[in-house]
Amino acid sequence: MTAGKPGATLPAWPPVVGADSPDPLVVENAKRAFGGVTAVDNVSLTLMRGQIHGLIGSNGSGKTTLLNLISRFYTLDEGQIAIGSNRLDNQPAHAVARSGIARTFQSPKLMLRETALENVIPAVELRVRCTGPESILRLPRGIRVNRQARDEALEILEALGLHHVLLQQAAALPHGTRRMVELARAIALRPSFVLLDEPAAGLSPVELDLVTEVCQNLARSGVGVLLIEHNVPMVLSIADTVTCLHQGRILFQGTPAEMRADTTVASVFLGIDEPLEASS
């Protein structure tokens with residue numbers, strides 16, 4: 001079973017964290033080595049709010065490592081990562097998340113014993129909080145927050161075509177559907193920036209079209225989207241900027257049109273000496 005056709009247009013919510021700030025997410029001269037292997041080597045990029053930045057490259061090129069550095073799952077050896085004057089590279093991962101950064105993973109990380117709905121509700125509750133006693137004792141504020149969290153989670157899941165799996169345990173869901181639930185959870189956080197690690201892997205054509213629409217809608221809402229994806233045509237069709245990594249270093253950075261006209265990427269990955277457009 002895969003996610004069905006979306007039941008509604010995805011709400012174009014504005015980001016909550018830092019919504020009134022124009023500051024981009026800036027990675028400057030990032031470097032990280034593991035033993036004798038330099039996984040990310042002097043990489044710089046700028047993720048603008050309201051834009052999609054595609055991050056492509058072969059397996060082992062450093063793409064996921066870069067996301068882990070931004071998320072503070074890994075620490076930098078050199079360089080810095082910041083949103084405006086707010087340095088992220090010296091903060092714990094939970095503080096980075098509170099700065100307005102959400103992400104998905106290559107392998108979806110869900111609470112497998114909980115339902116799809118129960119995996120998304122906590123993301124809303126992180127934004128609209130009440131105290132423990134207010135929730136446990138069913139005080140008015142606790143009731144309002146619980147209802148809002150459930151309603152928003154339902155709206156997002158239904159918009160992603162997941163109305164038929166709301167009450168199914170995550171452990172029982174197929175891989176593609178788990179990806180969509182994880183994407184719903186990231187959207188529910190209403191971040192200023194979202195880091196997507198191969199969101200289209202293993203998806204049906206319907207789901208792929210929906211993920212493409214979600215990325216575009218997030219950007220229209222003012223969210224900066226950093227998109228790791230092996231589906232290069234998809235990336236080139238929606239990205240404002242593309243960075244191509246090779247062996248931990250930047251091989252190319254520019255617009256999709258510039259990449260299509262450049263022979264470097266095609267030469268390295270396809271073994272040909274002509275632009276991507278000519279070879280497609």
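Gly84 and Ala82 make their closest contact through O-CB, 3.7 Å (heavy atoms, listed as atom of the first residue, atom of the second, distance). Nearest approach of Ala186 to Pro191, heavy atoms of both residues: O-CD, 3.4 Å. Considering all non-hydrogen atoms of both residues, Val120 and Ala153 come closest at CG1-CB, 3.7 Å. The shortest heavy-atom contact between Ala188 and Ala123 is CB-CB, 3.7 Å. When all heavy atoms are compared, the tightest approach of Gly54 to Ala239 is N-CB, 3.9 Å. Closest approach of Phe73 and Ala93 over heavy atoms only: CE2-CB, 3.9 Å.
The side-chain heavy atoms of Arg260 and Leu236, taken from C-beta on, include a pair separated by under 4.5 Å. Residues Val211 and Leu183 are in side-chain contact: their nearest non-hydrogen atoms beyond the backbone lie under 4.5 Å apart. Using a 4.5 Å cut-off on side-chain heavy atoms (C-beta onward), Asp89 and Thr75 make no contact. Between Val27 and Ser44 there is no side-chain heavy-atom pair separated by less than 4.5 Å. Inter-residue side-chain proximity for Val225 and Gln51 is flagged as unmet; no heavy-atom pair is nearer than 4.5 Å. Using a 4.5 Å cut-off on side-chain heavy atoms (C-beta onward), Pro108 and Thr104 make no contact.
With sequence neighbours excluded, the residues that form a salt bridge (charged side-chain N to carboxylate O under 4.0 Å, His left out) with Glu182 are Arg185. For Ala201, the side chain to side chain contact (heavy atoms under 4.5 Å, CB included) criterion is met by Arg179, Glu198, not counting sequence neighbours. Tyr74 is linked by a ring-ring contact (aromatic ring centres under 6.0 Å, His included) to Phe34, counting only residues two or more places apart in sequence or in another chain. Take Arg150 and apply the salt bridge (charged side-chain N to carboxylate O under 4.0 Å, His left out) test, not counting sequence neighbours, and it matches no residue.
Once rounded to the nearest 0.5 Å, the distance linking CZ of Phe252 with NE2 of His246 reads 15.5 Å. Considering CG of Asn42 and CD of Glu28, their distance stands at 9.5 Å, rounded to 0.5 Å. Note that OG1 of Thr241 and CG of Leu227 are 12.5 Å apart. Values are rounded to the nearest 0.5 Å. Rounding to the nearest 0.5 Å gives a distance of 9.5 Å between OG of Ser221 and CD1 of Ile187. The CG atom of Leu166 sits 6.0 Å away from the CD atom of Glu158 when rounded to the nearest 0.5 Å. The structure places CG of Leu25 at 7.5 Å from CD1 of Ile81, a figure rounded to the nearest 0.5 Å.
Under a hydrophobic-cluster definition in which Ile, Leu, Val, Met, Phe, Trp and Tyr are linked whenever side-chain heavy atoms come within less than 4.5 Å, directly or via other members, Leu208 and Leu162 are assigned to the same cluster. By the rule that hydrophobic residues join a cluster once side-chain heavy atoms approach within less than 4.5 Å of another member, Ile250 and Leu55 end up as members of one cluster. Transitive grouping of hydrophobic side chains (ILVMFWY, heavy atoms separated by less than 4.5 Å) keeps Leu167 and Met111 in distinct clusters. Val26 and Ile52 fall into different hydrophobic clusters, where Ile, Leu, Val, Met, Phe, Trp and Tyr side chains are chained together by heavy-atom contacts under 4.5 Å. At a threshold of 4.5 Å between side-chain heavy atoms, the hydrophobic network of Ile, Leu, Val, Met, Phe, Trp and Tyr places Phe105 and Ile101 in two separate groups.
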Under the side chain to side chain contact (heavy atoms under 4.5 Å, CB included) rule, what do Leu88 and Asn86 come out as? Steps first, then yes or no, please.
CA-CA 6 Å; Leu88 303 180; Asn86 180 25; 3.6 Å; yes
Intermediate values then yes/no, salt bridge (Lys or Arg N to Asp or Glu O under 4.0 Å), Lys31 and Asp77
CA-CA 6 Å; Lys31 188 171 184 178; Asp77 291 334; over 6 Å; no
Using the rule given for side chain to side chain contact (heavy atoms under 4.5 Å, CB included), can you reason through Met234 versus Ile238, listing the C-alpha separation, both sets of side-chain angles and the distance that settles it, and then say yes or no?
CA-CA 7 Å; Met234 170 199 173; Ile238 64 175; 4.2 Å; yes
Between Thr212 and Gln216, does a side chain to side chain contact (heavy atoms under 4.5 Å, CB included) hold up when you go through it step by step?
CA-CA 6 Å; Thr212 301; Gln216 293 172 314; 4.0 Å; yes
Run the numbers on Glu213 and Arg220 for salt bridge (Lys or Arg N to Asp or Glu O under 4.0 Å), then give the verdict.
CA-CA 10 Å; Glu213 180 185 349; Arg220 284 193 293 268; 5.6 Å; no
side-chain hydrogen bond (donor to acceptor under 3.5 Å, both in side chains) assessment of Thr64 paired with Gln106:
CA-CA 8 Å; Thr64 296; Gln106 284 182 338; 3.1 Å; yes
CA sep, side-chain torsions, deciding dist, call: Leu117, Val165, side chain to side chain contact (heavy atoms under 4.5 Å, CB included):
CA-CA 8 Å; Leu117 181 59; Val165 300; over 6 Å; no
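For Arg178 (side chain) and Leu173 (main-chain N/O), a donor-acceptor pair under 3.5 Å exists by modelled atom type. With Glu207 contributing its side chain and Ser204 its backbone, the two residues share a donor-acceptor pair below 3.5 Å. Judged by distance alone, the side chain of Glu229 and the main-chain N or O of Asn231 form a donor-acceptor pair under 3.5 Å. Between the Arg72 side chain and the Gln91 main chain, a donor and an acceptor come within less than 3.5 Å of each other. Ser58 contributes no side-chain N or O that, together with a main-chain N or O of Ser61, makes up a donor-acceptor pair within less than 3.5 Å.
Looking at Arg87 and Gln80, their side chains do bring a donor and an acceptor atom within 3.5 Å of each other. If you check the side chains of Gln253 and Thr243, you find a donor sitting under 3.5 Å from an acceptor.
Every pair passing salt bridge (Lys or Arg N to Asp or Glu O under 4.0 Å) that includes a residue from residues 102-124 is listed here, sequence neighbours excluded: Arg103-Asp197. Screening residues 220-244 for ring pair (Phe, Tyr, Trp, His ring centres under 6.0 Å) gives no qualifying pairs among residues at least two apart or on separate chains.
Of the listed residues (Gln247, Arg32, Arg249), just one forms a side chain to side chain donor-acceptor pair (under 3.5 Å) with Asp41, and that residue is Arg249. A side chain to side chain contact (heavy atoms under 4.5 Å, CB included) with Ile228 is found for exactly one of Leu196, Leu195, Leu67, Ile56, namely Leu67.
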